[in-house]
Amino acid sequence: MGRSPCCERAHTNKGAWTKEEDDRLIAYIRAHGEGCWRSLPKAAGLLRCGKSCRLRWINYLRPDLKRGNFTEEEDELIIKLHSLLGNKWSLIAGKLPGRTDNEIKNYWNTHIRKKLLGMGVDPATHRPIHDSAATITAVSVGRTEEKAAGFGREQERSGEEETSARRQNHRQPKCPDLNLELSISPPFHQAPLHPI
DNA sequence: AAACCCACCAACCGCGATACA
DNA sequence: GTGTATCGCGGTTGGTGGGTT
């Protein structure tokens with residue numbers, strides 16, 4: 001038996017969220033807290049599946065999200081963590097207060113990948129592209145001209161070098177507590193956390 | 001001014017992990 | 001111990017806006 005869909009597709013909205021939907025979701029979570037995503041949409045009066053609500057809250061509506069440009073410090077930390085953890089975006093996000101795994105994943109794919117490629121570093125292995133012997137672990141790089149390499153979307157897409165490897169890596173057991181001691185302290189003028 | 005291209009990012013999809021009956 | 005429901009993660013897609021031709 002195949003996996004049942006997470007929701008009744010016929011009666012759920014999809015695509016971009018409206019302001020009204022956002023407001024309903026925020027109001028509901030303020031009143032009842034997070035959790036039980038399955039039953040949340042009905043209780044909150046939303047025609048969305050729980051999965052969609054969870055994503056919207058975690059990636060966009062949560063009050064403690066930082067948003068805005070990544071700092072140079074965050075860039076470096078992401079690169080270091082990725083060299084240690086690979087595509088474990090949720091673990092990486094855990095070390096960057098106010099950032100989500102989705103945001104970091106997007107940022108990696110659109111900016112950092114290109115930056116590393118432009119520097120001649122393989123973003124998958126963190127090794128120089130033309131010198132597989134050396135390993136770069138502590139990459140200390142400036143915010144170089146991101147367009148320098150001029151890698152287009154096609155190249156990005158065709159660069160599925162590790163697709164199958166990814167699938168195999170997929171669902172490794174949770175990393176043991178690496179205690180990497182890598183994290184970013186909150187920005188000097190961090191926006192106050194809005195209580196919900 | 002219009003058409004096209006490209007980069008970005010929000011949102012979706014599929015699947016493994018986990019919880020629970 | 002087994003089956004089912006739900007959660008959470010990572011990969012991928014598609015809409016949109018800005019830049020270029």
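Keep in mind the model is a prediction, meaning the values are calculated, not measured. These numbers come from the heavy atoms of this one structure, side chains and all, not from hydrogens, waters or symmetry mates. The chains referred to below are lettered A, B, ... by the order of the sequence lines, with proteins before strands, and numbering in each begins at 1.
Taking 4.0 Å as the cut-off between side-chain N and carboxylate O, A:Lys95 and A:Glu74 do not count as a salt-bridged pair.
Using a 4.0 Å cut-off, no side-chain N or O of A:Trp108 falls inside it from OP1 or OP2 of C:dG10. In this model, the phosphate group of C:dG8 is approached by a side-chain N or O of A:Trp37 to a distance below 4.0 Å at OP1 or OP2. Residue A:Arg38 has no polar side-chain atom (N or O) positioned under 4.0 Å from OP1 or OP2 of C:dC7. Considering only side-chain N and O atoms, A:Ser90 lies nowhere under 4.0 angstrom from the phosphate OP1 or OP2 of C:dG8. At the phosphate of C:dT6, neither OP1 nor OP2 sits under 4.0 Å from any side-chain N or O atom of A:Arg54. For B:dC8, the OP1/OP2 oxygens have a side-chain nitrogen or oxygen of A:Lys114 closer than 4.0 Å. Within the 4.0 Å cut-off from OP1 or OP2 of B:dC13, at least one side-chain nitrogen or oxygen of A:Lys14 is found.
Nucleotide B:dA11 holds its P atom 14 Å from the CG atom of A:Asp101, rounded to whole Å. Here B:dC9 presents its C1' atom at 17 Å from CD1 of A:Ile58, a figure rounded to the nearest Å. Between the OH atom of A:Tyr60 and the C1' atom of B:dC8 there is a distance of 14 Å, given to the nearest Å. The distance from atom NZ of A:Lys51 to atom C1' of B:dA10 is 16 Å, rounded to the nearest whole Å. Residue A:Arg113 contributes atom CZ, which lies 11 Å from atom P of C:dG11 at whole-angstrom precision. Rounded to whole Å, the distance from CG on A:Asn59 to P on B:dC12 is 11 Å. Between A:Lys105 atom NZ and C:dG10 atom C1' there is a gap of 5 Å when expressed in whole angstrom units. For the pair A:Asn106 CG and C:dG14 P, the computed distance is 15 Å after rounding to whole Å.
Using a 4.0 Å heavy-atom criterion, one finds that A:Asn102 contacts the bases of the nucleic acid, with or without backbone contacts as well. Across all strands, A:Arg56 comes closer than 4.0 Å only to sugar-phosphate atoms, never to a base (heavy-atom distances).
Expressed to the nearest 0.5 Å, how far NE2 of A:His111 lies from NZ of A:Lys115 amounts to 9.5 Å.
Side-chain contact, A:Tyr107 with A:Asp75: a donor N or O sits under 3.5 Å from an acceptor N or O. A side-chain N or O of A:Asn13 and one of A:Glu21 form a donor-acceptor pair less than 3.5 Å apart.
Taking the centre and axis of the six-membered ring of A:Trp89, the NZ or CZ atom of A:Arg99 falls outside the cone set by 45° and 6.0 Å.
In this structure, of B:dA11, C:dG10, C:dT12, it is C:dG10 that holds the atom nearest to the side chain of A:Trp89.
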